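One-based numbering, in listed order, for ligands and for the atoms of each. Being a predicted model, the structure only gives us computed values, none of them experimental.
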Amino acid sequence: MTELSQNVSLAINAGVAVITVDNPPVNALGLAVRQGLAKGISLAGGDPEVKAVILIGAGRTFPAGADIREFGTPPQAPLLPDVCQSIEDCPKPVIAALHGTALGGGYEIALAAHYRIADAAARLGLPEVNLGLLPGAGGTQRMPRLTGAAPALDMMLSGTPISAAKALEIGVLDEVCDSGDLPAAAQAFAVRLILEGALVRPTSKLGTGFADMAAYDAAIAERLTRLQSRARGQKSPFKIVDCIKAAARVPFDEGMRLERAAFMECLASDQSKGMIHAFFAERQAARIPEASRAKPRPLNRLGVVGGGTMGAGIAVAILNAGLPVTMIERDADSLAHGRAAVEKVFQRNVAKGRMSAAEKDAAMGRWQGATDYAALGDADLVIEAVFEDMAVKQQVFARLDQVTRPGTILASNTSYLDINTLAAGISRPGDVIGLHFFSPANIMKLLEIVVPAKVSDDVVVSAFALAKKLGKVAVRAGVCDGFIGNRMLATYRRAADYMVEDGASPYQIDAALRAFGYPMGPYQVSDLAGGDIGWATRKRKAPTRPPEERYVEIADRICERGWFGQKTGRGYYRYDEGARTGVEDPEVLAIIDQERAKKGITPRTFSDAEIQNRYLAAMINEGCNILAEGIALRPLDIDVTLIYGYGFPRWRGGPMKYADMVGPEVILGRLRDYAREDPQFWRASDLLVDLVAEGSSLDDLNKRTEV
Ligand code: 3H9
């Protein structure tokens, strides 16, 4: 065996050169790997003994892409597109043998090889769009030559990998290996090619995918229309379409130049910086101080108290993860409701082809219900998802304290209430933690793990382990009113309400924030979630609201009319029977006018930019307060929370990354400017003031607090 570089080796076996990439954990294509591959191809190509070449990954996967950590540094030769070209130009047949996740640049290497074989469990994909990029090593030019436009567009625009079976069907693979022994299957495949005298088959010279140009163009037109309404400001999807369009129209080399230029443009953009930050942030959020001090407890039997929307959604998330769940409700009727709510989700999934009837039956087979808390006697973890009221939750916790065994983790799904108080009310506060799921709990990726003062380290670690099992992105939060997410929401929503009272309409605010990249504006979200929830919270907080705090009553006026949003057909918008998108409501505007008149406010105009600036400044400032109080460990935890739970556009990297990109000093300047009209609300966070004074960024804070 020859070492080609520190993580690529070459072995020759019966006339077949096997080039193995061994760069754990995901065989990312960093400089040393590229050097090794280039050298290996060159050696194998020139060795008269070698009749065919296999490219394969050691460990758990074929390369899962370019090394994303290199993206911030100047590119160093050999560049990946050139490595791919040298593979394609190799005079001996090159076979890529894929297993694990052949993604991005890894998959592009496979496309540049002459033949492809994959393990049956392999996943193949081009996820660059999720990093604000496009495939930049020939993917946009080679894949459509094999498959036509539609499969290539679908893979590149969604970023979602496909199975080996699907890859075979669309013409990407030559063979699927079912034996589980990919190296042997690849060797046999290579020997067969040699015996058959098979020739090289450069993908760039193929044109199978261009056979039906009408279908090719129709696929592009159709995806483009869809993108125009869904891209929400993201640029790289449009570049992908441009490159695929060009693939069928210009010579390969020119297509490659176009692709490279588009890739470099995207790589230099704030959008890709934001998305790359999000990629690493969601992984770093799982790094918590408790992890070095404790191991997770077993999590095999789970319980949920409450079968309402949240309880049922949490139960579905648990069942989807293949775990059993016991649901507790107060009486048989409520339990039947809870069960029906769970089953309805699975039924819808079956109807939409997302799961089979047998899978649904298996999931429901893991569901158990009871009206007696004693059924939770052997549970490892119980999540309480009852009505958001301290007294009610305290009663539930008291019962759980009696029936569960010591060591059972007792979690509350509260979104605001003080978990320290809940923990203090029972005999073993060390077992109590907050698990704040977002609605619908089976879909939303975020799980805020709220860490009360007395919780044991292994309970915190277990909560993160549970999140992983459920496929959630977990963020560690401290105890305060609203934790990270809802506390920030309360603040930036106030900024929006102030603007409405001062002259903007809710519709303009929603539109300005959609233009920023949000899927919906705050008033659309309020209508979707139901205005009654916020109303109840405002009433709860009214007695403790500081008298000097500016309070906007517009939302209360709307709720007093019973207009709670979509479910009542009216909120900030009016909804026709069954409609999910609302229309502007002149009566709401009249209510707003009356409220302004009552306070003697002469409405002024707001530009969309000012709306965005104020909304973001309020959000970022509260984020800094949350950091200063230790509620969030690092700025990146706030970014992950807002992206996964509150619709913050991922391509902007989260509010704290956005603050860095705009410049913390710019944000501080805006806060000081706004503070002239309301010094209390717009008081700049000391943490932000200090950061600006010392010339550092929020990302510096991420690095300083690495755990
Ligand atoms: C590209 O290829 C561009 C080309 O078209 C053109 C170039 C010119 N680089 O996710 P995990 C780290 S763009 C560097 O927890 P899993 C990750 O940060 C790339 N590091 O494991 C983590 O580190 P740590 C296109 C990477 O089993 C560790 O590996 N490819 C990379 O849950 C384990 O990761 C992609 O976008 C990377 N490419 O999931 C694929 N990938 O332990 C991105 C991972 O220090 N990767 N790391 O936190 C993934 O989607 C998942 O990592 C994967 C494994 C599915 C592969």
Enumerate the atoms of ligand 1 whose separation from the nearest heavy atom of [X] is less than 4.0 angstrom.
X: D67; answer: 9 (N), 14 (C)
X: R69; answer: 18 (O), 23 (O), 45 (O)
X: G104; answer: 2 (O), 25 (C)
X: P135; answer: 5 (O)

Ion pair [X]/[Y], N-O distance below 4.0 Å:
X: R476; Y: E290; result: yes
X: E175; Y: R116; result: no
X: D457; Y: R293; result: yes
X: E169; Y: K166; result: yes

Hey, does the side chain of D700 reach the backbone of S696 with a donor-acceptor pair shorter than 3.5 angstrom?
->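 Not a single qualifying donor-acceptor pair exists.
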Geometric cation-pi criterion, R283 with F279: 6.0 Å, 45° | yes
Quick look: P25 vs ligand 1, heavy-atom contacts under 4.0 Å, and the answer is side chain
Any heavy atom of [X] closer to ligand 1 than 4.0 angstrom?
X: E70; value: no
X: Q284; value: no
X: G139; value: no

Protein heavy atoms: any of them under 4.0 Å from atom 24 (P) of ligand 1?
->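 Given the 4.0 Å limit, the answer for atom 24 (P) of ligand 1 is yes, a protein heavy atom qualifies.
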